[in-house]
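Whatever order the structure lists them in is the order used to number ligands and atoms, beginning at 1.
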Amino acid sequence: MFFVSKRMCDHNNAAPTPTIMADLLRLLLRVAEKAADVARVCRQEAPLFQLLVQEKTGDDKNKKFVQDFKTLADVVIQEMIRHDVGAQFPEMTGFIHGEESNKFENGLGESVVVTVCATEAETLALLATVLDGDRTAASLLAKAIHQDPAAVDTGTEGLSVPHRPSELGIWIDPIDATSQYIEGREEVLEEGRLSPSGLHCALVLIGVYLRSTGEPIMGVINQPFNHKDPAGGGWRGKHFWGVSCGSVKACSVSAPKPAPDRGEGGNGLSVVLSSSEKRLVTDALAPLCGPGRMMYASGAGYKILCVIQGLADVYVLSEGSTFKWDSCAPHALLRALGGGVVDLNKCLLSSGGTDGGEAQLTYHRPLAQSHGADRWANQGGLVAYVDCKSLHAVIDTLKDKL
Ligand code: 2IP
Ligand code: CA
């Protein structure tokens with residue numbers, strides 16, 4: 001890990017202070033931990049859980065699902081993050097985007113805009129209106145939202161990046177892999193192995209990007225259901241973070257070992273895919289992968305996390321079924337490790353060999369001629385990688401086949 005620039009100056013004035021990025025990272029780790037707590041509380045309390053599920057409609061619907069879930073937990077978590085970040089960095093208000101619309105319907109068909117209020121009592125009262133007057137459920141939620149989580153030890157003191165909060169935007173996915181979160185299957189994770197589905201695929205994702213270029217520069221991932229407390233204290237989470245801005249690269253995870261040689265005797269590339277990936281793609285990639293090294297897993301965020309952790313060399317997706325909120329945070333971690341997330345179609349169309357530079361996904365511009373959530377789709381599909389050699393191998397293989 002290394003840091004640049006030690007300029008000291010005022011928070012809102014022309015030049016940035018070196019501590020701002022460390023402050024922002026600490027805040028994001030804290031709110032992500034609070035978000036994970038809300039996610040856990042919502043699963044633990046049966047009456048609360050029943051009330052969480054709501055169907056998406058119209059332009060907000062993710063087309064990939066026959067039935068998508070919109071949960072109150074999603075909305076509450078997103079608004080809590082928006083509230084806490086806006087309170088400490090008012091310059092960022094208006095540039096904190098999330099997957100969910102905060103309009104919620106209660107059982108009486110009344111529409112309520114869910115926000116986090118100044119006090120726990122006010123938030124409780126507002127939530128009770130969405131929960132059909134269920135004050136027990138509302139108070140459990142309000143308590144989790146307004147709690148002060150234990151400080152997260154980041155080891156980021158002195159982290160310095162030459163940007164002001166007014167230059168940054170945020171993408172939040174309050175709970176990625178909602179279907180796994182709802183289904184709630186409990187898996188014991190094996191060290192060094194990818195586990196395809198279950199609660200551990202559900203992630204809180206918070207990514208920071210530069211408003212001018214759309215480059216992802218900071219990411220926080222919280223995995224609320226990483227393991228069970230052996231002493232019977234319930235689920236425990238795990239967090240991951242990364243910063244990548246110019247020459248400043250720092251990450252809580254160390255870079256995985258380089259992908260194995262793909263020559264004779266090599267193990268082949270390990271690839272993680274969506275279970276709905278096209279046959280054309282799986283058939284084309286199969287010869288690149290060694291036995292058992294083509295894997296499937298749920299959750300766009302979880303699949304990128306597998307690449308970050310070295311559990312797979314690449315994540316390949318040929319469809320535009322992920323969104324900016326799915327990829328921004330883990331993309332920042334991959335950049336911190338020297339890798340990235342590229343637009344697959346752009347790479348396939350580029351005539352020269354790609355170093356991934358030109359085709360990196362960006363986060364600041366909506367797609368013209370699209371509506372609702374689709375405006376923020378990663379339309380050309382994607383490849384997530386740490387080692388450029390793995391990216392080249394995938395692009396060379398898919399070039400004439402898609
Ligand atoms: C989903 C979720 C899905 C993923 C989809 C995302 O986000 O991560 O699991 O599909 O692309 O948009 P798949 O698992 O097939 O890769 P959410 O759960 O937040 O809607
Ligand atoms: Ca998502």
Quiz item: If we ignore angles and hydrogens, is there a donor and acceptor under 3.5 Å between the side chains of Y385 and H392?
Solution: no

Worksheet item: For Q360 and H331, does a side-chain donor sit closer than 3.5 Å to a side-chain acceptor?
Response: yes

Quick note on ligand 1: atoms under 4.0 Å from a heavy atom of T178 include exactly 17 (P), 18 (O), 19 (O), 20 (O)

Short version for L317: what comes under 4.0 Å of ligand 1, heavy atoms counted, is neither

| Quick one: do E79 and R82 make a salt bridge, cutoff under 4.0 Å? | yes

Looking only at heavy atoms, the pair that brings A202 and P224 closest together is O-CD, 3.3 Å

Margin query: I'd like to know whether CD of Q309 has more than 12 heavy-atom contacts from other residues, nucleotides or ligands below 6.0 angstrom.
Written below: yes

Salt-bridge criterion met for K399 and D396 (N-O under 4.0 Å)
no

- G299 N/O under 3.5 Å from ligand 1 N/O: yes

Logged contact type for K303 with ligand 1, heavy-atom cut-off 4.0 Å, is side chain

Report yes if some N/O of G301 lies less than 3.5 Å from some N/O of ligand 1; otherwise report no.
-> no

For E99, the atoms of ligand 1 under 4.0 Å from one of its heavy atoms are 19 (O), 20 (O)

Assess whether a salt bridge exists between D23 and R26, defined as any Lys/Arg side-chain N lying under 4.0 Å from an Asp/Glu carboxylate O. yes

Near T322 (heavy-atom distance under 4.0 Å), the atoms of ligand 1 are 11 (O)

| Taking D326 for the side chain and F323 for the main chain, is one N or O donor matched with an acceptor at less than 3.5 Å? | yes

Counting from 1 in the order shown, the ligand 1 atoms closer than 4.0 Å to a non-hydrogen atom of S321 are 5 (C), 11 (O), 12 (O)

Under 4.0 Å from one or more heavy atoms of I175, ligand 1 contributes atoms 19 (O)

Before signing off on this row, confirm whether F323 and ligand 1 have an N or O atom pair separated by under 3.5 Å. no

**OP:** Flag D173 as yes if one of its N/O/S atoms falls below 3.0 Å of the Ca ion (ligand 2), otherwise no.
**Re:** yes

Note: D326, heavy atoms under 4.0 Å from ligand 1, region reported as side chain

Near S298 (heavy-atom distance under 4.0 Å), the atoms of ligand 1 are 14 (O)

